[in-house]
Trainee: 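Could you have a look at this structure, given as structure tokens, before my questions?
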Amino acid sequence: MSTTVENLQSKLISYRRELHENPELGFKEYETTKRIRQWLEDAGITILDYPLETGLVAEIKGDQDGPTIALRADIDALPILEQSGVEFSSKNEGIMHACGHDFHTSSMIGAAILLQSRRSEIKGTVRIIFQPAEEIAQGAVYVAERGVLEGVSAIFGMHNKPELPVGTIGVRSGSLMASVDRFELDIIGVGGHAGIPNDAIDPIVIASQIVSAFQSIVSRNMNPFHNIVVSVTKLQAGNTWNVIPEKAELEGTVRTFQEETREVIGERMRALAEGIAESFGARAEFRWYPYLPVVDNDDRFAEIAKEAAEVAGYKAVEAEQVPAGEDFAFYQTKIPGFFVWMGVDGPKAWHHPEFKLKEEALEVAANYFTELSILALNKPELLK
Ligand SMILES: [Zn+2]
Ligand SMILES: [Zn+2]
């Protein structure tokens, strides 16, 4: 344990429990922001003046000049009714910190406090972004648009990982979390009598063929070593038994770990949908909504991401990829970044109403990001 601030762990536990009891949804984190501000001010940490409705940015300037790096914690909760049974369960019914962003927030406050106490070792500046609205994938864009990345050379972040033991940090170069895109597809045929289908153009038959054909994209068009998911999650058409409807509406999602495959998949889907619809004399309207890029870890930080774990007395392991999305990916499209898993040894996965984590991990994360920041700023050649 490399903590040097007295009673840090008990302080972080109380912060985390207070946040857990008072969860707020994306862009509604007003009380959360007030609390973070208060706790940072109590520790004498500088808060920067950005025009943020919710969320906030703090900064620790080292005694020596150098580049600026950023640490990021997300602060929002989910619309889930808590069933964890912990004594500090949510007081806001139907809202829960079921993704552990209360853990991320309090850990990064811990890192801020530790960094503040080690300013003499810091060769540059550490900016800490407490970001709103991760769960609705809008917060990273929101804060970036307000200039918080200006002058920042690299960004680091984490997600808690219930599957990893406390004191274990999952590190991986390249893609860690998937891109998330959404599509909508309308098949417009010709409605008619169910008994006289030859006078109609049945969009349900056409939609069925398209759903099957979509599955061939992964098996026939994509590199077999790439992990890709194409899921049709909605297929709506018709409202009774004896009428062929005019239209079928489909919706779904695509997940990949390769940024370059995203567009290709969208274009293949469009081509299949339009081609199949046309061959039946119908029309397809395909709409593609890019949602989240791949969380793509910059190789140059892999070594210090492991080294920070060792210096702090913890263990780095190879991180497993997860086909969920994270809006940290947006920062990585602007500046190089690295995202790690922080072991919290919980019984349930993210977004589960019984989600829990081991609070010993608060201090681990605080120590880890303190060491990582100091190491990164000690290697300015990585920050060019
Ligand atoms: Zn989540
Ligand atoms: Zn999360």
Side-chain angles (χ1 to χ4, degrees), residues 26-27 133-145 174-190 201-238 245-297 321-334 337 339 351:
F27 290 136
E134 191 285 324
E135 293 292 358
I136 52 173
Q138 292 174 38
V141 172
Y142 175 81
V143 299
E145 277 173 353
S175 55
L176 182 70
M177 297 183 77
S179 63
V180 179
D181 295 307
R182 186 166 76 85
F183 63 86
E184 289 175 349
L185 171 64
D186 294 341
I187 307 297
I188 299 118
V190 175
I201 296 175
D202 186 348
I204 295 179
V205 171
I206 301 166
S208 310
Q209 307 250 346
I210 291 172
V211 172
S212 302
F214 278 174
Q215 296 310 314
S216 75
I217 297 174
V218 175
S219 68
R220 303 293 87 177
N221 298 128
M222 294 293 140
N223 183 329
F225 292 103
H226 290 176
N227 299 320
I228 298 153
V229 178
V230 175
S231 290
V232 177
T233 55
K234 181 182 133 183
L235 201 177
Q236 255 169 20
E246 187 205 358
K247 188 166 142 185
E249 292 172 342
L250 296 82
E251 205 175 335
T253 185
V254 173
R255 312 285 165 112
T256 77
F257 287 96
Q258 294 77 30
E259 203 50 47
E260 64 276 14
T261 60
R262 292 172 68 195
E263 291 273 308
V264 180
I265 294 172
E267 281 319 303
R268 279 302 298 149
M269 295 176 85
R270 182 189 303 280
L272 284 171
E274 288 176 356
I276 292 170
E278 200 196 324
S279 71
F280 282 90
R283 191 160 53 81
E285 278 175 17
F286 184 81
R287 295 177 293 277
W288 178 257
Y289 302 98
Y291 197 62
L292 281 173
V294 174
V295 171
D296 197 1
N297 283 335
Q321 291 175 304
V322 173
E326 226 308 331
D327 81 352
F328 186 82
F330 275 114
Y331 300 120
Q332 292 174 309
T333 65
K334 308 269 180 213
F339 197 73
H351 296 202

Trainee: Could you pull out all donor-acceptor pairs under 3.5 Å where a side-chain atom in residues 175-182 meets a protein atom, sequence neighbours excluded?
Mentor:
residue : atom : partner : partner atom : Å
Ser175  : OG   : Phe257  : O            : 3.3
Ser175  : OG   : Gln321  : NE2          : 3.0
Ser179  : OG   : Thr256  : N            : 3.2
Ser179  : OG   : Thr256  : O            : 3.3
Ser179  : OG   : Thr256  : OG1          : 2.9
Asp181  : OD1  : Arg262  : NH2          : 2.6
Asp181  : OD1  : Tyr291  : N            : 3.0
Asp181  : OD2  : Arg262  : NE           : 2.8
Asp181  : OD2  : Arg262  : NH2          : 3.4
Arg182  : NH1  : Glu184  : OE2          : 3.1
Arg182  : NH1  : Glu251  : OE2          : 2.9

Trainee: For residues 322-332, which side-chain N or O atoms pair as donor and acceptor with protein atoms under 3.5 Å away, sequence neighbours left out?
Mentor:
residue : atom : partner : partner atom : Å
Glu326  : OE1  : Arg72   : NH1          : 3.3
Glu326  : OE1  : Arg72   : NH2          : 2.9
Glu326  : OE1  : Phe328  : N            : 3.0
Asp327  : OD1  : Arg72   : NH2          : 2.7
Asp327  : OD1  : Gln131  : NE2          : 3.1
Asp327  : OD2  : Gln131  : NE2          : 3.1
Asp327  : OD2  : Gly139  : N            : 3.4
Asp327  : OD2  : Ala140  : N            : 3.0
Tyr331  : OH   : Gln131  : OE1          : 2.6
Gln332  : OE1  : Asp296  : N            : 3.0
Gln332  : NE2  : Asp296  : O            : 3.0
Gln332  : NE2  : Asn297  : OD1          : 3.2
Gln332  : NE2  : Gly337  : O            : 3.3

Trainee: Does Glu246 have any side chain to side chain contact (heavy atoms under 4.5 Å, CB included) partners at least two apart in sequence or in another chain, and if so, which?
Mentor: Ile188
Trainee: By side chain to side chain contact (heavy atoms under 4.5 Å, CB included), which residues pair with Ala284, not counting sequence neighbours?
Mentor: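 Here the qualifying residues are Leu185, Ile187, Ala273, Glu274, Ala277.
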Trainee: Distance-only criterion, 3.5 Å: show the donor-acceptor pairs between side-chain atoms of residues 203-224 and protein atoms not counting sequence neighbours.
Mentor:
residue : atom : partner : partner atom : Å
Ser208  : OG   : Ile204  : O            : 2.7
Ser212  : OG   : Ser208  : O            : 3.3
Gln215  : NE2  : Val230  : O            : 3.2
Ser216  : OG   : Ala213  : O            : 2.6
Asn221  : OD1  : Arg268  : NE           : 3.1
Asn223  : OD1  : Phe225  : N            : 2.8

Trainee: With a 4.5 Å cut-off on side-chain heavy atoms, are Phe280 and Asp202 touching?
Mentor: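 Asp202 does not reach Phe280 side chain to side chain.
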Trainee: Rounded to the nearest 0.5 Å, what separates atom CZ in Phe27 from atom CD in Gln138?
Mentor: 5.0 Å
Trainee: Within the supplied structure, the quantity of interest is the number of heavy atoms (other residues, nucleotides, ligands) at a distance under 6.0 Å from Lys234 NZ; does it exceed 12?
Mentor: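 Yes - once you tally the heavy atoms of other residues, nucleotides and ligands closer than 6.0 Å, there are more than 12.
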Trainee: Could you list the residues that satisfy salt bridge (charged side-chain N to carboxylate O under 4.0 Å, His left out) with Arg255, not counting sequence neighbours?
Mentor: none
Trainee: Keeping the roles fixed (side chain from Glu259, backbone from Pro293), state whether a donor-acceptor pair exists under 3.5 Å.
Mentor: no
Trainee: Using 0.5 Å steps for rounding, measure from the CD atom of Glu267 to the CG atom of Leu272.
Mentor: 11.0 Å
